[in-house]
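Presented below is the structure to which this report refers.
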Amino acid sequence: MNKLIATKAGVKALEKSFQNLMKYIKPGQTEIEVARFLKMQTTRHGAQGQAFRFIIASGKSAAEPHHKPTDKKIEMGEMVVIDFGVKIGGYCTDLTRTVFMGTPSKKQKQIYQIVLKSQEKAIKTVASDTMAKRVDEAARVHIVEAGYGKKFIHITGHGVGKRIHEAPKLGPKNCHTLKTGQIVTIEPGVYIKDWGGVRIEDMLLITRSYPIVLTENIPKRLQQMIIKQ
């Protein structure tokens with residue numbers, strides 16, 4: 001199975017699994033329970049393994065980019081960062097969404113929209129022969145101008161292939177250029193200690209003129225991320 005076919009199959013498994021997750025997740029469940037549900041769903045939809053340990057980070061734990069799921073119960077009013085990926089045909093996929101347990105607060109809405117706009121700006125810069133740091137700059141400048149620059153504590157994205165993290169790194173110091181056929185993530189985030197965090201991540205196929213968002217059918221608009229009770 002070639003890389004693009006395998007990746008698209010992986011994305012389809014993510015899409016179907018996330019659809020079912022949005023019907024399943026509710027207050028009172030633990031982060032571990034949600035992670036187990038996702039693992040079951042991805043296997044059901046063709047995954048041959050996890051690309052990495054799934055991240056389910058609720059409430060204040062969402063301020064930790066690589067939080068490991070715990071027995072903490074998800075509560076109303078919290079945001080939950082959901083980062084998961086699978087392997088199919090030897091190739092990895094990677095997706096992050098942030099969902100709201102009930103109507104989001106003013107600050108939650110503000111941070112979410114900042115991160116979403118940052119991601120949109122970065123996606124527009126992705127093309128063959130673009131320097132990796134330019135993509136990071138597009139995402140980072142928007143978050144800096146919004147006043148949260150110090151809360152964006154990782155690079156904007158990375159390559160994905162047979163390993164979950166491959167070249168190119170889309171960081172502020174990487175002068176290497178993107179190449180046609182590479183698959184990368186775009187995943188800006190804002191993380192606030194003792195409050196929570198937001199990350200939104202999609203996978204893109206690089207072409208000569210414009211990026212193809214492989215995960216475009218997986219919702220991410222704010223209103224689509226609200227779990228109503």
Does a side-chain heavy-atom distance below 4.5 Å link [X] with [Y]?
| X | Y | answer |
| --- | --- | --- |
| Ile153 | Pro65 | yes |
| Ile111 | Ile192 | yes |
| Phe54 | Pro69 | no |

Q | Charged N-O contact under 4.0 Å between Arg221 and Glu120 | A | yes
Does [X] use its side chain to pair, donor to acceptor, with the backbone of [Y] at less than 3.5 Å?
| X | Y | answer |
| --- | --- | --- |
| Thr130 | Val126 | no |
| Glu33 | Thr30 | yes |
| Glu75 | Gly28 | no |
| Glu31 | Ser58 | yes |

(Q) Applying side chain to side chain contact (heavy atoms under 4.5 Å, CB included) to Val34 and Leu21, what does each step give before you reach the verdict? (A) CA-CA 8 Å; Val34 175; Leu21 176 71; 3.6 Å; yes
Q.
My understanding is that only residues two or more places apart in sequence, or in another chain, count here; which of them pass ring pair (Phe, Tyr, Trp, His ring centres under 6.0 Å) with Tyr91?
A.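 Ring pair (Phe, Tyr, Trp, His ring centres under 6.0 Å) check on Tyr91 returns nothing, list empty.
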Under 4.5 Å between side-chain heavy atoms, hopping through other hydrophobics if needed: is there a path connecting [X] to [Y]?
| X | Y | result |
| --- | --- | --- |
| Leu204 | Met131 | no |
| Leu14 | Met22 | yes |
| Val198 | Ile114 | yes |

[X] side, atom [atom1]; [Y] side, atom [atom2] - distance, nearest 0.5 Å:
| X | Y | atom1 | atom2 | value |
| --- | --- | --- | --- | --- |
| Arg44 | Ser17 | CZ | OG | 9.0 Å |
| Ile56 | Phe84 | CD1 | CZ | 8.0 Å |
| Tyr148 | Ile143 | OH | CD1 | 11.0 Å |
| Gln41 | Gln19 | CD | CD | 10.5 Å |
| Arg53 | Lys39 | CZ | NZ | 10.0 Å |
| Thr7 | Lys87 | OG1 | NZ | 12.5 Å |

(Q) Could you walk me through whether Ile155 and Leu170 satisfy the side chain to side chain contact (heavy atoms under 4.5 Å, CB included) test, starting with their C-alpha distance in whole Å, then the side-chain angles of each, then the deciding distance to 0.1 Å, before giving a yes or no? (A) CA-CA 6 Å; Ile155 63 175; Leu170 304 181; 5.5 Å; no
Q: Can you sort out the partners of Lys72 under salt bridge (charged side-chain N to carboxylate O under 4.0 Å, His left out), two or more places apart, ordered by chain and number?
A: Glu78
Q) What residues, two or more places apart in sequence or in another chain, satisfy salt bridge (charged side-chain N to carboxylate O under 4.0 Å, His left out) together with Glu216? A) none
Q: Write out all pairs satisfying ring-ring contact (aromatic ring centres under 6.0 Å, His included) with one or both partners inside residues 5-43, taking only residues at least two apart or from two chains.
A: Tyr24-Phe37
Q: Start with the C-alpha gap between Gln113 and Leu222, add the side-chain angles, then the distance that decides, and say whether side chain to side chain contact (heavy atoms under 4.5 Å, CB included) holds.
A: CA-CA 8 Å; Gln113 297 289 28; Leu222 189 149; 4.0 Å; yes
Q: Might you confirm whether atom NZ of Lys117 has over 12 heavy atoms from other residues, nucleotides or ligands at distances under 6.0 Å?
A: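 No, not enclosed.
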Q: Check whether more than 12 heavy atoms from other residues, nucleotides or ligands sit under 6.0 Å from atom NZ of Lys220, and answer yes or no.
A: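 Atom NZ in Lys220 is crowded, with more than 12 foreign heavy atoms closer than 6.0 Å.
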(Q) Between Met79 and Tyr112, does the side chain to side chain contact (heavy atoms under 4.5 Å, CB included) criterion hold? Intermediate values first, please. (A) CA-CA 10 Å; Met79 296 182 297; Tyr112 190 90; 5.9 Å; no
Side chain to side chain donor-acceptor pair (under 3.5 Å) against [X], all qualifying residues, sequence neighbours excluded:
| X | result |
| --- | --- |
| Thr180 | Ser128 |
| Thr42 | none |
| Glu15 | Lys12 |

Q. Linking Ile, Leu, Val, Met, Phe, Trp and Tyr by side-chain heavy atoms under 4.5 Å, what else ends up with Ile212?
A.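 Listed partners: Leu4, Val11, Phe52, Val160, Ile164, Ile183, Met203, Leu205, Tyr210, Leu214.
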(Q) Does anything in residues 139-163 form a salt bridge (Lys or Arg N to Asp or Glu O under 4.0 Å)? List the pairs, not counting sequence neighbours. (A)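 Passing the test, one end in residues 139-163: Asp136-Arg140.
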**Q.** salt bridge (Lys or Arg N to Asp or Glu O under 4.0 Å) partners of residues 60-70, not counting sequence neighbours, each pair once
**A.**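 Sorted result for residues 60-70: empty, none.
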Output a table of donor-acceptor pairs, distance under 3.5 Å, between side-chain atoms of residues 93-106 and any protein atom two or more places apart or on a different chain; print 'none' if there are none.
| unit_1 | atom_1 | unit_2 | atom_2 | d |
| --- | --- | --- | --- | --- |
| Thr93 | OG1 | Val86 | N | 3.1 |
| Thr93 | OG1 | Val86 | O | 3.2 |
| Asp94 | OD2 | His158 | NE2 | 3.4 |
| Thr96 | OG1 | Asp83 | OD1 | 3.2 |
| Thr96 | OG1 | Asp83 | OD2 | 3.2 |
| Thr96 | OG1 | Glu201 | OE1 | 2.6 |
| Arg97 | NE | Pro219 | O | 2.7 |
| Arg97 | NH1 | Glu201 | O | 2.9 |
| Arg97 | NH2 | Asp202 | OD1 | 2.8 |
| Arg97 | NH2 | Ile218 | O | 2.9 |
| Thr98 | OG1 | Arg199 | N | 3.1 |
| Thr98 | OG1 | Arg199 | O | 2.8 |
| Ser105 | OG | Gln108 | N | 3.1 |

Q) Do any pairs count as a side chain to side chain donor-acceptor pair (under 3.5 Å) and have a residue in residues 167-178, sequence neighbours left out, and if so which ones? A) Asn174-His176, Thr177-Lys179
